[in-house]
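Below you'll find the structure, written out as structure tokens, and then a few comments.
Residue numbers begin at 1 in each chain, while the letters A, B, ... track the order of the sequences. The analysis underlying the following values was restricted to heavy atoms, covering all of them including side chains, and did not include hydrogens, waters or symmetry mates.
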Amino acid sequence: MTGRLVLPPLCVTGYSVLSALGGSRAEHLAALAAGRTGLGPSPLPLSFQTAVGAVHTTLPELPGELSRWSTRIARMVAHLLAELEEPLRVARSRWRPERIGILLGTSTAGADATERAYRSFIADGTFPDRYDFLRQHTFGAVLHVVSALTGAKGPAWVVSTACTSSAKPLASAWRLIAADVIDAAIVGGVDTLCTMTLTGFESLQALDRVPCRPFSKDRNGVSIGEGGALALVERRGDARVLIEAIGETSDSYHISAPHPEGAGAAAAMREALAFAGRRPEDIDHVNAHGTGTRLNDTAEAKAIRAVFAEPPPVVSTKGFTGHTLGAAGAIEFAFAAYAIEEGFLPPSLHAAPLDPEIQLPVALQTTRGRFRRVLSNSYAFGGNNVSVLVGAP
Amino acid sequence: MAITGLGLWVEGFPNTVAWRGGSADPAATKPAGQALDKVNRRRAGPLGRGLADVIAEAVAMAGVDAATVPTVIGSAIGEASTMTGLLDAMWRHGLPMSPAEFTVSVHNAAAGLISISNKNRGMTTSLAADDDTPAAALLEAIGLVVTRDAAVVVACADEPAPPTLAQVAPPWALLAAAVVLEPLRPERPALAALTLEPQAVSAYRGERFGELLRSNPQIGLGWLVDAVLHGHRGAVPLDRGTGRGYAAVLAPGSMP
């Protein structure tokens, strides 16, 4: 006999975002409301044409004692933590350090640092003195940086499930708080642009030559981006939004292609609704994974139509930021929170003309309204699916 | 928390029966990946094959359904060998990138291949925390067991860093280990009862593991499997002294 606890929602007491749109809430809200893309030419030299969502915000240097850990991903995290300074101060006064977890996600970790070092190794047989495999390459390296910068001493890990990497830590925190292991956690994730990743997507013929066009009949692939988002989640507190529930499933179909009917994606949405005790008609908006590939968007559209008799407005925000891979789940959680807090949906950029097969109410213009509950979808290599249900307090 | 299943692969000892028996099999030099279907076995490297085999052993011992059990996989460096292989192909040999290799360069490649082989449409995850990876994977599993009131399989593995990183990465030998955790129930036999403590003094030494295995970031889960197999009671360290000091504290179960 097994059963399931009804888990209380998580209080999100602060969150911060860094992407091609900027490094602050104000920059993101302005770009999203204006329908202004952050996609542009790649700062990395590439042998093929594609648009990317590069972060242009000046990132802070790490303190001297953390210099061995200094990578682009670690400096992105430092920027995001600085934006969370006030809620972190309050949380530290409320919870003991060992009851504050650090649960992050990344698909690249320090791969950009390893790429640079490896180029040098191939050229002359030696790695640069500044390169430190254990403190720069490994997935767990960034955890030390977050702990040192915040004083959090609770359970700490990095989820790496490709493009769902930074959505899943929200679920980890939800469970650990319900299980009384921790009281609060710094959650989210970051990813950086890498030559290998961009070349890999090119090898799959999955990159659009122009900025990506999710749900458009002309769509022809993804645009890769970088960035991250962090959130402070607590057992109780002055919540800006709530994480009501999270659904996690697997396609069990193919290592890189989605289930053609979106079966696993639909199951993740249904699981999130069931965990939260919500019905499809309680959802006011879906922030779609919406990568811009023909197969992914078609499968996700089928999944949304399978779950919702009357789908709510659907937006893919990847036309703004690019597909930030391991950071996408966290960034799009934050965009879902913006919809609730700010009362508007950005347009699904470059979606017009819509693919008639999609058959969803994709928002083509900025939409004002009252959005109380939003589902944010993330899907990944390995057939990994996550749906985060974000609600108003 | 009850431990109801165990799995282990180290060179010479392809499962817990061989490990408990104590005689090394010289033919067991690489994980066979028997638990993967043919297509996915071809795609998997030693890391994915080792993880698949220890998961299969642990879920069979526990008698839980591989097609539904939530699966937590831990690895500190994941598919680093695949990544450097892609960089070598691209920059050393000027070859086009292999899309098939790229798709299995992600940390959760093993989780994906195993879920496909097992037809498991449930929750799977893949995580890392350097030397604390075994403790992190167990904590993630404990959260799942408590909130879902169901069995969860935890598997951790790391293969050696690729030879081209020898200047910068420490050496270790491949190790894969797995445990099945379930809620403690009086009517269900368990191998041991488990609690996790952030700091605990341990008398367990795990001396059967050679130096290259003790250097593997996942040795903590190997020690836990060995300790349960040998009826150890008390604290078992989950890292090799370079993590945060988590320990698994074992109490007697009822060996079937």
Side-chain angles (χ1 to χ4, degrees), chain A residues 2-5 7 98 107 109 111 114-115 117-119 121-122 126-127 131-134 137-141 143 155-162 168 172 174-176 178-179 181 195-196 199-205 248-256 263-264 267 380-384, chain B residues 40 43 76-78 80 83-84 86-88 90-92 96-99 102-109 111-113 115-116 118-133 135-137 139-140 142-144 146-150 161 164-165 167-170 183 198 244:
Chain A
T2 61
R4 184 187 294 279
L5 289 179
L7 308 190
E98 60 272 23
S107 70
T114 294
E115 280 188 357
Y118 209 79
R119 261 188 191 276
F121 170 69
I122 287 174
T126 59
F127 286 89
Y131 179 63
D132 188 324
F133 178 77
L134 293 179
H137 174 86
T138 66
F139 293 85
L143 299 170
W157 62 77
V158 169
V159 175
S160 191
T161 50
K168 289 177 86 73
S172 302
W174 188 45
R175 288 188 288 264
L176 288 187
V181 175
T195 305
M196 188 192 86
T199 309
F201 277 93
E202 172 70 4
S203 77
L204 290 167
Q205 300 180 319
E248 296 170 272
T249 65
S250 303
D251 277 358
S252 184
Y253 173 73
H254 190 273
I255 192 70
S256 59
F381 278 5
N384 204 283
Chain B
N40 290 305
R43 287 183 173 143
I77 66 169
M83 177 191 174
T84 55
L86 289 169
L87 296 179
D88 278 330
M90 194 165 52
W91 290 334
R92 197 188 295 272
M97 187 170 288
S98 155
F102 174 64
T103 58
V104 292
S105 69
V106 292
H107 191 277
N108 65 319
L113 298 176
S115 76
I116 295 167
N118 290 343
K119 300 180 171 51
N120 189 329
R121 297 195 167 88
M123 184 273 184
T124 65
T125 194
S126 194
L127 58 80
D130 292 336
D131 286 356
D132 286 312
T133 305
L139 278 165
E140 175 76 299
I142 287 169
L144 282 159
V146 169
T147 56
R148 296 185 178 217
D149 194 30
T164 49
L165 293 180
Q167 291 175 32
V168 290
R244 298 165 74 175

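- When A:T199, A:D251, A:T126, A:I255 are compared by the number of non-hydrogen pairs under 4.5 Å with chain B, A:I255 comes out ahead.
- Using a 4.5 Å cut-off between heavy atoms, B:D132 does not touch chain A at all.
- Residue B:V168 touches chain A through both its backbone and its side chain, counting heavy-atom pairs closer than 4.5 Å.
- Contact of A:V181 with chain B is made through the side chain alone, with heavy-atom distances under 4.5 Å.
- Ranked by heavy-atom pairs under 4.5 Å with chain B, the list A:F133, A:Y253, A:W157 is led by A:W157.
- For the side chain to side chain contact (heavy atoms under 4.5 Å, CB included) test, residues two or more places apart in sequence or in another chain that qualify with B:T125 are A:V159, A:T161, A:K168, B:V72, B:M123, B:E140.
- Using a 4.5 Å cut-off between heavy atoms, B:D88 contacts chain A through both its backbone and its side chain.
- With sequence neighbours left out, the side chain to side chain donor-acceptor pair (under 3.5 Å) criterion links A:S160 to no other residue.
- Separating the CG atom in B:D130 from the CG atom in A:L134 is a distance of 7.0 Å, to the nearest 0.5 Å.
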**OP:** Please step through ring-ring contact (aromatic ring centres under 6.0 Å, His included) for the pair A:F201 and B:F102, ending with a clear verdict.
**Re:** CA-CA 8 Å; A:F201 277 93; B:F102 174 64; 5.4 Å; yes
Original post:
Do A:Y131 and A:T114 pass the side-chain contact (heavy atoms from CB on, under 4.5 Å) test, and can you show the C-alpha distance, the side-chain angles, and the key distance before you say yes or no?
Top reply: CA-CA 8 Å; A:Y131 179 63; A:T114 294; 2.6 Å; yes
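- Interface remark: B:P170 contributes side-chain atoms only to the contact with chain A (heavy atom separation under 4.5 Å).
- For A:A117, no part lies near chain B; criterion is any non-hydrogen pair under 4.5 Å.
- B:M83 has its side chain out of reach of B:I77: every pair of non-hydrogen atoms, C-beta onward, lies at least 4.5 Å apart.
- Put simply, the side chain of A:F127 reaches to within 4.5 Å of the side chain of B:L165, judged on heavy atoms.
- The most heavy-atom pairs under 4.5 Å with chain B, out of A:V158, A:L143, A:D132, come from A:V158.
- Contacts between B:L86 and chain A at a heavy-atom distance below 4.5 Å involve the side chain alone, from C-beta outward.
- For B:T147 (side chain) and A:R175 (main-chain N/O), no donor-acceptor pair under 3.5 Å exists by modelled atom type.
- A:T249 places a side-chain N or O within donor-acceptor distance of the main-chain N or O of A:G264, the cut-off being under 3.5 Å.
- Interface summary for chain B: among A:G140, A:S172, A:S252, A:G382, the most heavy-atom pairs under 4.5 angstrom belong to A:S252.
- Heavy-atom pairs under 4.5 Å with chain B were tallied for A:G200, A:A179, A:A162; the largest tally goes to A:G200.
- The contact between A:H137 and chain B is made entirely by side chain atoms (from C-beta outward), counting heavy-atom distances below 4.5 Å.
- Using a 4.5 Å cut-off between heavy atoms, B:S105 contacts chain A through its side chain alone, with no backbone atom that close.
- Of the two parts of B:A111, neither the backbone nor the side chain holds a non-hydrogen atom closer than 4.5 Å to a non-hydrogen atom of chain A.
- Contact annotation for A:E115: both backbone and side-chain heavy atoms come within less than 4.5 Å of a heavy atom of chain B.
- In this structure the side chain of A:Y118 reaches within 4.5 angstrom of the side chain of B:T164, judged on heavy atoms.
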